[in-house]
Amino acid sequence: MPQTIWHQCLEVLRDEFPAQQFNTWLRPLQSDQRDGQLMLFAPNRFVMDWVNEKYLRRIEEVLKDLEGGQAPRVHMKVGSAPKAGEPVARSQPAAAQTPAPVSDEEAGSVTEEEAGVAATVVEPKTQPQAQASVARARSDNERRPVQVEGDIKHQSFLNEGFTFETFVEGKSNQLARAASMQVAENPGGAYNPLFLYGGVGLGKTHLMHAIGNEIVRRNPGAKVAYLRSERFVADMVKALQLNAINEFKRYYRSVDALLIDDIQFFARKERSQEEFFHTFNALLEGGQQVIVTCDRFPKEIVDMEERLKSRFGWGLTVMVEPPELETRVAILMKKAEQANVRLSSEAAFFIAQKIRSNVRELEGALRLVIANAHFTGSEITPPFIRESLKDLLALHEKQVSIDNIQRTVAEYYKIKVADLLSKRRTRTVTRPRQVAMSLAKELTNHSLPEIGEAFGGRDHTTVLHACKKIVELQESDPNIREDYQNFMRLLTT
Ligand SMILES: Nc1ncnc2c1ncn2[C@@H]1O[C@H](COP(=O)(O)OP(=O)(O)OP(=O)(O)O)[C@@H](O)[C@H]1O
């Protein structure tokens, strides 16, 4: 197949920009060229805006260098490139993709005039200093709640230790971090609501607090309310019991930014969903920012009203992915530094290679190693780490076996485990087999020949090829990438 002009352009850009930037912003773009126009498709509006702002000029220059006067005009659009032969819609300006206003009916019947008690909203600067040390890393539950005047008592607080400065950026979270930063700089602006999703312990809560902290840092008068979704439910139930639902509504509609963590816990709570839906609409209409985190993509949330799910997708939906090795190492170094502990890069690598599931576990492992080192006065070396994490590692190895991987992958792709082990080479079987082999390499300590053996006696070079192929596909094929992330989540949490 001849290389398209876009591929040629990408080759040039690949040499010009750091790999991380290239992979995050440029590589995911799909292209469609016709009628002297090059349409670039971005996976979401945020990427489109970012590319427009930061790379479009350079893209146009490169196209001109490549094609001279024949260079196509570039347009951007959110979505996927049409398949060959499919008609393509004309590009739309970004503004055309902002949601339609909420109708009166949808917005519910609550008005600003409703009577209510005064409810204060937390302002982070009034909170006690966060202990941003490793020993207190998961400290959001330990923070002193803010007492709110009136009948409704809220626990609403931001963790000052969760900032953009303490958040380590890597390939897995670059997009989510950049989107969060944009929201913090322009709350209630283009990306409303912001829906952050991903597996447990990957930094969603951290980013959410970072946005809240940044909003308040820039505008000390801003009212930012952070709460887990269970809290919203509990507050609402209490408000109903106390006949104070109007105060409840008033409170949640008075904030500049409403941050609701782990929205999946709204499942089956119909009345809360209803209430949240109206609050949500009122806030969006008022230009107030809404940020939501969830452990899965909106459409995958079970027992949640469709209209709510669809509304989540109105703004910007971004995934936080599990960190790759380099980011895990960087996170460990940062956490050690915060705890005033010297950690060699060899030691950090050792831990990062062993603990791959999520950042919370990574932190937990580091805490354990540091505590042991303090206790015994030992230096933190790989053998010392191995000994300190003996039980944890045994648990990990027990949990993720090749057998388990094969069963999980087969079930997911609706094929038989026997197919994975067979000599069959049809696409429906080959790809899942490669995914399973790659997972086995990443999640177990088995060698390539051992993995080959476990997959119907294949050669180790076949396993190596599968691993490389899956790394490549994760870059170029969003479906494989999502499947792989799902497997990491299913197998490691
Ligand atoms: N990129 C990162 N840099 C620094 N620390 C991080 C990063 N990602 C996660 N962490 C840390 O890992 C811990 C877990 O993160 P967090 O609580 O934000 O996860 P989560 O995705 O919200 O998980 P859950 O879905 O279980 O609520 C926190 O202590 C957080 O500071």
Side-chain angles (χ1 to χ4, degrees), residues 20 24 124 130-143 157-181 184 194-214 226-232 259-267 291-298 300-301 317-339 341 343 348 351-352 355-368 370 485-486 488-490 492-493:
Q20 190 167 307
T24 304
Q131 311 289 310
S133 72
V134 167
R136 292 174 56 84
R138 180 71 175 166
S139 59
D140 48 347
N141 290 329
E142 302 163 23
R143 303 296 305 282
F157 40 80
L158 286 169
N159 182 331
E160 283 189 350
F162 286 175
T163 61
F164 286 111
E165 288 71 41
T166 56
F167 189 81
V168 176
E169 185 176 348
K171 199 169 125 199
S172 54
N173 60 38
Q174 200 195 26
L175 197 69
R177 186 191 179 280
S180 301
M181 197 68 195
L194 175 67
F195 189 97
L196 294 168
Y197 76 102
V200 295
L202 296 182
K204 303 183 295 296
T205 303
H206 188 135
L207 274 178
M208 184 179 236
H209 282 258
I211 300 171
N213 283 320
E214 185 64 18
Y226 162 84
L227 70 163
R228 289 171 58 84
S229 63
E230 298 100 310
R231 187 77 239 159
F232 186 91
L259 284 45
I260 305 259
D261 210 356
D262 289 326
I263 199 84
Q264 68 271 14
F265 294 117
F266 269 1
I291 306 167
V292 171
T293 73
C294 188
D295 67 350
R296 64 202 76 178
F297 189 69
E300 288 176 11
I301 313 174
T317 302
V318 254
M319 184 182 189
V320 184
E321 296 177 23
E324 67 289 1
L325 181 66
E326 292 73 20
T327 312
R328 296 202 297 276
V329 170
I331 290 174
L332 285 168
M333 301 295 275
K334 178 112 191 173
K335 301 280 173 188
E337 185 193 305
Q338 287 173 349
V341 170
L343 187 72
I351 301 174
I355 310 288
R356 290 170 283 219
S357 46
N358 66 55
V359 185
R360 189 172 298 126
E361 282 223 13
L362 201 62
E363 280 190 323
L366 179 65
R367 257 201 305 273
L368 201 61
I370 291 176
Q485 303 305 347
N486 283 338
M488 292 298 281
R489 199 172 63 206
L490 287 169
T492 59
T493 51

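Remember, predicted model here, so these are calculated numbers, not experimental data. Ligands are counted one by one from 1 in listed order, and the atoms in each one are counted from 1 as well. Start at 1 with the first residue, then count along the sequence.
Distances below 4.0 Å separate heavy atoms of Gly203 from the following atoms of ligand 1: 8 (N), 9 (C), 15 (O), 16 (P), 18 (O), 19 (O), 20 (P), 21 (O). Below 4.0 Å from some heavy atom of Asn173 lie the following atoms of ligand 1, by number and element: 1 (N).
Residues Glu363 and Leu366 fail the side-chain proximity criterion, which asks for heavy atoms closer than 4.5 Å. Counting heavy atoms from C-beta outward, Tyr226 and Ile291 have side chains that stay 4.5 Å or more apart. Side-chain contact check for Ser229 versus Asp261: every heavy-atom pair is 4.5 Å or farther apart.
Under the ring pair (Phe, Tyr, Trp, His ring centres under 6.0 Å) criterion, Phe195 pairs with Phe312, sequence neighbours left out. Thr24 is linked by a side chain to side chain donor-acceptor pair (under 3.5 Å) to Gln174, counting only residues two or more places apart in sequence or in another chain.
Looking at Gln338, Lys334, His209, His206 one by one, the single match for side-chain hydrogen bond (donor to acceptor under 3.5 Å, both in side chains) with Thr166 turns out to be His206.
Between Ile331 and ligand 1, not a single N/O pair is under 3.5 Å apart. Checked against a 3.5 angstrom limit, the closest N/O atoms of Lys335 and ligand 1 fall inside it. For ligand 1, one of its N or O atoms has an N or O atom of Leu202 under 3.5 Å away. For ligand 1, the polar-atom distance check against Val200 finds no nitrogen or oxygen pair separated by under 3.5 Å. Considering both main-chain and side-chain atoms, Thr205 comes within under 3.5 Å of ligand 1 through a nitrogen or oxygen pair.
With hydrogens and angles ignored, the 3.5 Å screen pairs a side-chain donor or acceptor of Glu324 with a backbone N or O of Lys171.
Heavy-atom proximity to atom 13 (C) of ligand 1, evaluated over Glu363, Arg228, Gln174, Glu169, is greatest for Glu363. The option with the heavy atom closest to atom 3 (N) of ligand 1, from among Val168, Thr327, Leu362, Thr293, is Val168. Of the listed options Thr163, Val359, Val320, Val359 places a heavy atom closest to atom 6 (C) of ligand 1.
Residue Thr166 touches ligand 1 through its backbone alone, judged by heavy-atom distances below 4.0 Å. Residue-level proximity to ligand 1 for Asp261 is absent, since no heavy atom of it falls below 4.0 angstrom.
Contact between Leu202 and Pro323 at its shortest, heavy atoms only, is CD2-CD, 3.9 Å.
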